Amino acid sequence: MRYTRCCFAWAPISLCFALFLAPLARAQSSAWVSTATRAVGPLLVNATPIGLLDSSTPIHIAIGLSLRNQNALVQYVRAANDPTSPLFGNWLTVDQFVAGYGPTSSQVQAVVSYLNANGFASIQAEPNNLFVTADGTPVQVQRAFNTGIGTFQQNGQTVYANLSDAQVPSSLGGVVVSVLGLTNAGKMSPPIHVEPAASTGVPAVHFYTPKNFWTAYDVGTTSTGGKTTVAIFAEGDLTQVINDLRVAETVNQLPQVPVQIVQVGLPSPDTAGLDEWDLDTQMSTGMAGTVQNLLIYDTTSLTDSDVALMFNKFAHQNRAKAGSASFGLCEAFAFLDGSMLVDDEVFLEAAAQGQTVFASTGDNGSACPIVGATNGVPLSGAAGTVLYPASSPYVVGVGGTTLLTNSDFTYNNEIGWDAGGGGTSAFEYSPYWQSPVSPTSAVGKGVPDISMDADLVTGALTYIGCQPNQNPNTCQFIVGGTSLSSPLALGVWARLQSSHGNRLGFASPALYKNAKPLPNVTSGPGFHDIVGGCNGLYCAVPGYDYVTGSGTFDISQMNSALP
């Protein structure tokens with residue numbers, strides 16, 4: 001079993017850290033302006049300062065640039081999702097996005113010229129102009145962004161982080177949003193639970209194959225996802241993942257889906273995420289029945305900078321209608337290192353292009369997992385906090401339930417899973433489609449938006465590490481967590497998109513369209529409204545709540561309810 005980690009706490013390390021920073025006081029100049037990339041060092045947990053990062057250490061940076069006409073783009077997304085608007089269903093192309101809302105060519109060139117002047121190499125702009133990437137050293141970083149990079153010993157590992165806000169000259173102040181890559185201390189991690197299928201340690205309520213989920217969530221006559229391309233966001237060497245997918249398809253009597261790995265950044269030999277990526281690929285395409293294409297966006301690591309570029313490739317390629325990110329980190333870290341602001345720009349572009357990203361809300365209940373927290377235990381971590389990217393307004397956060405079915409796998413009942421992530425964001429606003437049904441006066445985005453099965457005792461039968469000629473029963477595992485619920489939601493959405501000719505676009509406004517607040521509380525048709533179960537600070541109640549969101553899919557009803 002692996003554990004979700006979120007590498008920060010909520011108080012400074014110690015006075016010695018402050019003393020360590022003292023010699024690194026920056027030049028005070030009105031020519032410098034701060035970006036959204038703040039100092040994350042003081043928030044590291046159990047970290048001991050060591051010194052400055054070796055000057056020869058290679059650093060790959062990703063500079064996020066500011067959108068143009070962002071308010072207009074927000075309004076465009078609203079109009080494109082409004083059946084009464086003449087723009088309804090007119091999703092932008094990438095070229096239209098770049099022409100009307102992306103950073104200009106002159107802005108990109110200004111950043112490129114600045115990096116050149118400071119000695120950076122391999123400078124490259126992303127096709128949608130939202131990022132400029134480059135390779136440099138700590139010395140070049142300090143000269144260009146007015147911040148040193150320090151090293152820390154944390155939990156037996158050496159990590160590095162910028163020691164002050166990343167700054168740029170005032171001439172770039174309205175252009176550069178953030179500077180990613182200055183820290184590797186914060187990494188997104190999958191909330192996942194894995195046990196051998198033969199384990200006696202997990203009491204069997206029901207364990208589910210994809211076709212069992214079809215029955216439980218009422219696929220009925222809804223078509224497969226065969227007309228829709230979907231994406232999984234992953235990291236590392238995926239060779240075994242494809243092999244395991246083929247085993248799962250054979251055992252579950254499902255067609256082989258066309259798979260393409262889209263490499264983002266340098267390939268990595270890491271296989272530590274095998275169980276996660278197996279779950280994602282098998283349950284998303286399995287829930288969908290089949291898909292037109294499965295794209296696996298594969299990045300070097302789950303650091304914020306690598307993940308940001310992976311999300312960006314999903315948007316600027318605009319090939320997949322939807323994707324699943326079964327990972328996250330405490331949203332305060334994403335806020336402090338600047339990735340939240342630029343990732344939200346990417347998600348907004350994707351929404352305007354009719355794409356949807358689903359993301360796991362975590363497995364610590366109404367808490368964010370920090371170092372030392374136990375995955376699957378409610379309130380183990382920082383209580384009252386949530387995970388990013390699930391907390392982004394332009395991402396569908398998927399929480400967890402315990403799914404109870406009859407002997408023939410037809411739906412019986414569901415309760416909110418006690419470890420399913422949920423709560424309100426401290427940094428992201430509640431979007432217009434959600435705020436009317438928010439159960440509290442909180443202005444932050446509520447998490448989750450929807451839910452699906454996640455409890456390990458009602459988990460998914462998944463094939464992991466299967467070798468040629470091996471009996472599949474010996475590489476079969478029970479897998480749970482909101483790492484399961486997110487790809488299940490993706491598979492459902494692939495079916496709904498295919499049933500509607502891929503015209504549905506960004507999912508969230510449609511999913512909330514028929515929800516009603518007090519006094520006539522309802523989640524609307526197409527949902528099982530979950531009214532039992534608590535995740536620490538919150539309990540599932542009629543209508544929207546911070547345990548299960550609007551509930552889980554009744555696929556046939558939802559298919560009929562969508563425009």
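Please read these numbers as outputs of a predicted model, since none were measured by experiment. Starting from 1, each residue takes its place in the sequence as its number.
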Between V219 and R495, does the side-chain contact (heavy atoms from CB on, under 4.5 Å) criterion hold? Intermediate values first, please. CA-CA 9 Å; V219 164; R495 284 182 176 269; 3.3 Å; yes
Decide yes or no on ring pair (Phe, Tyr, Trp, His ring centres under 6.0 Å) for F233 and W277, but give the supporting numbers first. CA-CA 8 Å; F233 301 104; W277 320 133; 10.0 Å; no
Are any side-chain N or O atoms of N535 and backbone N or O atoms of Y546, one a donor and one an acceptor, separated by less than 3.5 Å? yes
Kindly check if the number of other-residue, nucleotide or ligand heavy atoms within 6.0 Å of CZ (F335) is above 12? no
With sequence neighbours left out, what residues match D449 under salt bridge (Lys or Arg N to Asp or Glu O under 4.0 Å)? K445
Please report the interatomic distance OG(S523) to CG(D545), rounded to the nearest 0.5 Å. 7.5 Å
Any side-chain heavy-atom pair from V176 and V111 closer than 4.5 angstrom? yes
Test side-chain contact (heavy atoms from CB on, under 4.5 Å) on N364 and L387; report intermediate values, then the result. CA-CA 10 Å; N364 292 79; L387 263 64; over 6 Å; no
Only one of T356, N312, V342, V357 passes side chain to side chain contact (heavy atoms under 4.5 Å, CB included) with F347; say which it is. V357
Apply the test side chain to side chain donor-acceptor pair (under 3.5 Å) to residues T147 and N162: give CA-CA distance (whole Å), side-chain angles for both, the deciding distance (0.1 Å), then the verdict. CA-CA 6 Å; T147 180; N162 52 299; 4.7 Å; no
Between the side chains of D306 and S301, does any donor sit under 3.5 Å from an acceptor? yes
Give, for atom CG of L130 and atom OG of S66, the distance between the pair rounded to the nearest 0.5 Å. 9.5 Å
Y297 vs F314 aromatic rings, parallel, tilted or perpendicular, using cut-offs 30° and 60°? perpendicular
Below 30° counts as parallel, above 60° as perpendicular, anything between as tilted: where do the rings of F553 and F527 land? parallel
Determine whether D298 and V262 make a side-chain contact, defined as any pair of heavy atoms from C-beta on separated by less than 4.5 Å. no
Point-to-point distance, once rounded to the nearest 0.5 Å, from CG of D455 to CG of L403: 10.0 Å
Using the rule given for side-chain contact (heavy atoms from CB on, under 4.5 Å), can you reason through Y544 versus Q434, listing the C-alpha separation, both sets of side-chain angles and the distance that settles it, and then say yes or no? CA-CA 9 Å; Y544 178 86; Q434 182 193 71; 3.3 Å; yes
Report the distance from atom CZ of R503 to atom CG of L562, rounding to the nearest 0.5 Å. 11.0 Å
